[in-house]
Amino acid sequence: RRSSDLERRGIHVDQSELLCKKGCGYYGNPAWQGFCSKCWRDEYHKARQKQIQEDRELAERLQKEEQEAANATQGAQGGPPSLTFSKFEEKKTYEKSRKVTTVKKFFSSSSKAPPKKEIQDVKTPIPAINRQVSVETDRVSKDFIEFLKAFHKSGQEVFKQCKLFLDSMHHKKELNIEEQSEYVQDFYQNMADKMQTRLRVPSEKVEKAMDEIEKFIMTRLYKHVFCPETTDDEKKDLTVQKRIRALHWVTPQMLCVPVDEDIPEVSDMVVKAITDIIEMDSKRVPCDKLACITRCSKQIFNAIKITKNEPASADDFLPTLIYIVLKGNPPRLQSNIQYITRFCNPSRLMTGEDGYYFTNLCCAIAFIEKLDAQSLNLNQEDFDRYMSGQASPKKQDSEIWPSDACVGVKQMHRNLNLISQLNERQERIVIEAKKLEKDLIDWTDGISKEVQDIVEKYPLDIKARSQPLADIDSENVENDKLPPPLQPQVYAG
């Protein structure tokens, strides 16, 4: 019965839940509150314009109050005029700071930036890392220039625009990360439009060109915009990492994962999927990080297909992805997700398999953050004991034994189960060893046959030596008639 409950209550996300909640048909993103990139920017601009209007009205009201206060101060007798004015200045500063940050608090959970001294301490460059970054930057620059050669004059214009953009970004480091993201996204959109309209670049080449532009731009901006101190990305990373560590006891059966790791091929695919999702943190370009997610997801689909002997479904994929994330515990997971969300070419996140896999990864992280006893088909008491480390589901077999069962019998059955598993592994090893032995014998026989065929086709004819070799001076019998050797002589100059 419990098995049927697991199947019935498995993790399920309707495909419509992955799409933008505005109904545009593109993939949504939890970081954009369920909107796609396009709709999110529209909502952001509306809220921003509204905030600008409110700030303008606030400034006018404060200016009017300040003027009235100044007039009242001039007419007052005996009171310090600067005191009243300073109160209005303090009120104005407080009101402005409170209102201006409203949009930022609504759209992001960024924290205040630390003092400049602390930032300088954190940003102290490490020579070895700088050398590595410089090498990678030079390599990307050469690849980008080589790629643009095929576009001739259009390529020169693209390179010029990219350089101008990087120069302008250098002067915008004081902006918050959301504003920098908006600036980069605008550049992507403008470059794509310019290549299609003014530069007459074929549409099929625009997408590839945008990928190369993204690599060129983000390789240089990475150290400034990835996990900046002005956000709480690092705090979220630690929270998620701690959460995943606390869930180390979760088994594939609890998540209804349709993957059998006892199959060697499936086990290898699971390891490769974990490696791909961990490798994401080592990449510097958003589309490269996205490619790691895509490779991981394809390994998962292949593992499910081999286990079930049929194509995997979306309902099979999400639980398995959650299991891979729990098992791999990728470093700086939230920072990488935010970095991709902020600076990746939006067309990749809105459509295609990259967008689908990325959206599922965001859903997997959201599920892990909210995972509870009901999600794993456990009662609250067991869930709390597992989370606190008081017990582990892998060691609990009390459900199949009566309370008065002998401890020795329980241990015996556990040992028998372990021996049975070892026996199965031994049988697989023996089968593989015999197969290897047969392959070696076949290979040896094949080599011997090939050598024999060559010898028969080209026989080796070894001729006997005609006469023995003689000493070069053997014919000189009259050695005694040879002139004496030359003697050194000294000449006086």
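Scanning both residues, Glu214 and Pro286, for their nearest heavy atoms gives OE2-CB, 3.2 Å. Shown here for Ile304 and Ala312, the closest heavy-atom pair between the two residues is CG2-CB, 3.4 Å. Contact between Tyr188 and Met218 at its shortest, heavy atoms only, is OH-CG, 3.6 Å. For Cys227 against Ser335, the heavy-atom pair with the smallest separation is SG-OG, 3.4 Å. Pro330 and Val325 get closest at one heavy-atom pair: CD-O, 3.6 Å.
Looking at Thr320, its side chain does come within 3.5 Å of a backbone N or O of Asp316 through a donor-acceptor pair. Checked by atom type and distance alone, the side chain of Asp237 pairs as donor or acceptor with a backbone atom of Gln334 at under 3.5 Å. A donor-acceptor pair under 3.5 Å is absent between the side-chain atoms of Ser181 and the main chain of Ile177, judged by distance alone. Although no hydrogens or angles enter the test, the distance criterion places a donor-acceptor pair under 3.5 Å between the side chain of Gln180 and the main chain of Leu175. Although no hydrogens or angles enter the test, the distance criterion places no donor-acceptor pair under 3.5 Å between the side chain of Asn345 and the main chain of Arg348. Checking side-chain atoms of Asn379 against main-chain N and O of Asp382 turns up a donor-acceptor pair under 3.5 Å. The backbone N or O of Leu440 sits less than 3.5 Å from a side-chain atom of Thr444, completing a donor-acceptor pair. Listed for the His224 side chain is no donor-acceptor partner under 3.5 Å among the backbone atoms of Leu221. Without hydrogens or angle criteria, Thr341 side chain to Ile337 main chain gives a donor-acceptor distance under 3.5 Å.
Proximity of Cys162 to Ile217: side-chain heavy atoms (C-beta onward) are separated by under 4.5 Å at one or more points. Between Ile340 and Ile293 there is a side-chain heavy-atom pair separated by less than 4.5 Å. Side-chain contact check for Val201 versus Lys194: every heavy-atom pair is 4.5 Å or farther apart. Contact annotation: the side chain of Leu326 approaches that of Leu255 to within less than 4.5 Å [non-hydrogen atoms, C-beta and beyond]. You'll find the side chain of Met169 stays beyond 4.5 Å of the side chain of Phe187, heavy atoms only. By the 4.5 Å heavy-atom criterion applied to side chains, Asp288 and Arg284 are not counted as neighbours. Counting heavy atoms from C-beta outward, Ile324 and Cys296 have side chains that approach closer than 4.5 Å. For the pair Lys305 and Glu310, the minimum side-chain heavy-atom distance is 4.5 Å or more.
For Lys205, the NZ atom counts as loosely surrounded, since its 6.0 Å shell holds 12 or fewer non-hydrogen atoms of other residues, nucleotides or ligands. Other residues, nucleotides and ligands place more than 12 heavy atoms under 6.0 Å from the CD atom of Glu204. At most 12 heavy atoms of other shown residues, nucleotides or ligands fall within 6.0 angstrom of atom CD in Glu207. By the 6.0 Å contact criterion, CZ on Arg425 is open, its count of non-hydrogen atoms from other residues, nucleotides or ligands being 12 or less.
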| Is there a salt bridge (charged side-chain N to carboxylate O under 4.0 Å, His left out) between Asp143 and Lys215 once you walk through the steps? | CA-CA 10 Å; Asp143 293 343; Lys215 289 180 181 180; over 6 Å; no
| request: Could you walk me through whether Glu261 and Lys327 pass salt bridge (charged side-chain N to carboxylate O under 4.0 Å, His left out), step by step? | output: CA-CA 13 Å; Glu261 292 187 72; Lys327 196 168 182 179; 2.8 Å; yes
| Can you check side-chain hydrogen bond (donor to acceptor under 3.5 Å, both in side chains) on Asp372 and Ser375, steps first, answer last? | CA-CA 5 Å; Asp372 55 14; Ser375 303; 2.6 Å; yes
| message | Working note: Asp193 + Asn190, criterion side-chain hydrogen bond (donor to acceptor under 3.5 Å, both in side chains); need CA distance, chi angles, decisive distance, verdict. | response | CA-CA 5 Å; Asp193 294 342; Asn190 293 335; over 6 Å; no
| request: List the steps and the verdict of side chain to side chain contact (heavy atoms under 4.5 Å, CB included) for Met210 and Val206. | output: CA-CA 6 Å; Met210 291 306 301; Val206 170; 4.1 Å; yes
| request: Could you go through the side chain to side chain contact (heavy atoms under 4.5 Å, CB included) check for Val271 and Gln299 one step at a time? | output: CA-CA 9 Å; Val271 172; Gln299 293 288 354; over 6 Å; no
| Audit row: Gln189, Gln185, side chain to side chain contact (heavy atoms under 4.5 Å, CB included) steps and yes/no | CA-CA 6 Å; Gln189 185 63 46; Gln185 296 294 335; over 6 Å; no
| task | Decide side chain to side chain contact (heavy atoms under 4.5 Å, CB included) for Leu290 and Val285; before the verdict, give the C-alpha distance in whole Å, the side-chain angles of both, and the deciding distance to 0.1 Å. | result | CA-CA 9 Å; Leu290 206 57; Val285 183; over 6 Å; no
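We find that Asp138 and Lys142 are not joined by a salt bridge, their nearest charged nitrogen and carboxylate oxygen being 4.0 Å or further apart. Comment: Lys289 does not engage Glu279 in a salt bridge, judged by the lack of any side-chain N to carboxylate O separation of less than 4.0 angstrom. In summary, Arg332 and Asp233 do not engage in a salt bridge, as defined by a charged side-chain N under 4.0 Å from a carboxylate O. A salt bridge does not link Arg243 to Glu369: none of the charged side-chain nitrogens sits closer than 4.0 Å to a carboxylate oxygen. Here Arg342 pairs with Glu178 in a salt bridge; the nearest charged N to carboxylate O distance falls below 4.0 Å. Salt-bridge formation is not detected for the pair Lys298/Asp276: no Lys NZ or Arg NE/NH1/NH2 atom is positioned less than 4.0 Å from an Asp or Glu carboxylate oxygen. The existence of a salt bridge linking Lys438 and Asp442 is confirmed by a sub-4.0 Å separation between a basic side-chain nitrogen and an acidic carboxylate oxygen.
Separation of atoms CD1 (Ile300) and OH (Tyr323) is listed at 11.0 Å; rounding is to 0.5 Å. Between the CG atom of Leu247 and the CG atom of Asn329 there is a distance of 10.0 Å, given to the nearest 0.5 Å. In this structure, SG on Cys292 lies 11.5 Å from CG on Leu361, to the nearest 0.5 angstrom. The line from CD of Glu182 to CG of Asn176 is 10.5 Å long, rounded to the nearest 0.5 Å. Of the inter-residue distances, the one linking Gln161 atom CD with Leu166 atom CG reads 11.5 Å to the nearest 0.5 angstrom. With rounding to the nearest 0.5 Å, the separation of SG in Cys256 from CG in Leu376 is 9.5 Å.
Between Phe226 and Phe343, the ring centre distance reaches or exceeds 6.0 Å.
Relative orientation of the Phe216 and Phe159 rings is tilted, given thresholds of 30° and 60° on the angle between their planes. Below 30°, between 30° and 60°, or above 60°: for Tyr222 and Tyr339 the angle between ring planes is above 60°, a perpendicular geometry.
Between Asp354 and Thr294, the side chains place a donor N or O and an acceptor N or O closer than 3.5 Å (distance only, hydrogens not considered).
Annotation: cation-pi pair Lys172/Tyr183 present, NZ/CZ under 6.0 Å from the ring centroid and within 45° of its normal.
Results of the side chain to side chain contact (heavy atoms under 4.5 Å, CB included) test with Ser297 over Phe358, Phe317, Tyr356 single out Phe317 as the only residue that passes.
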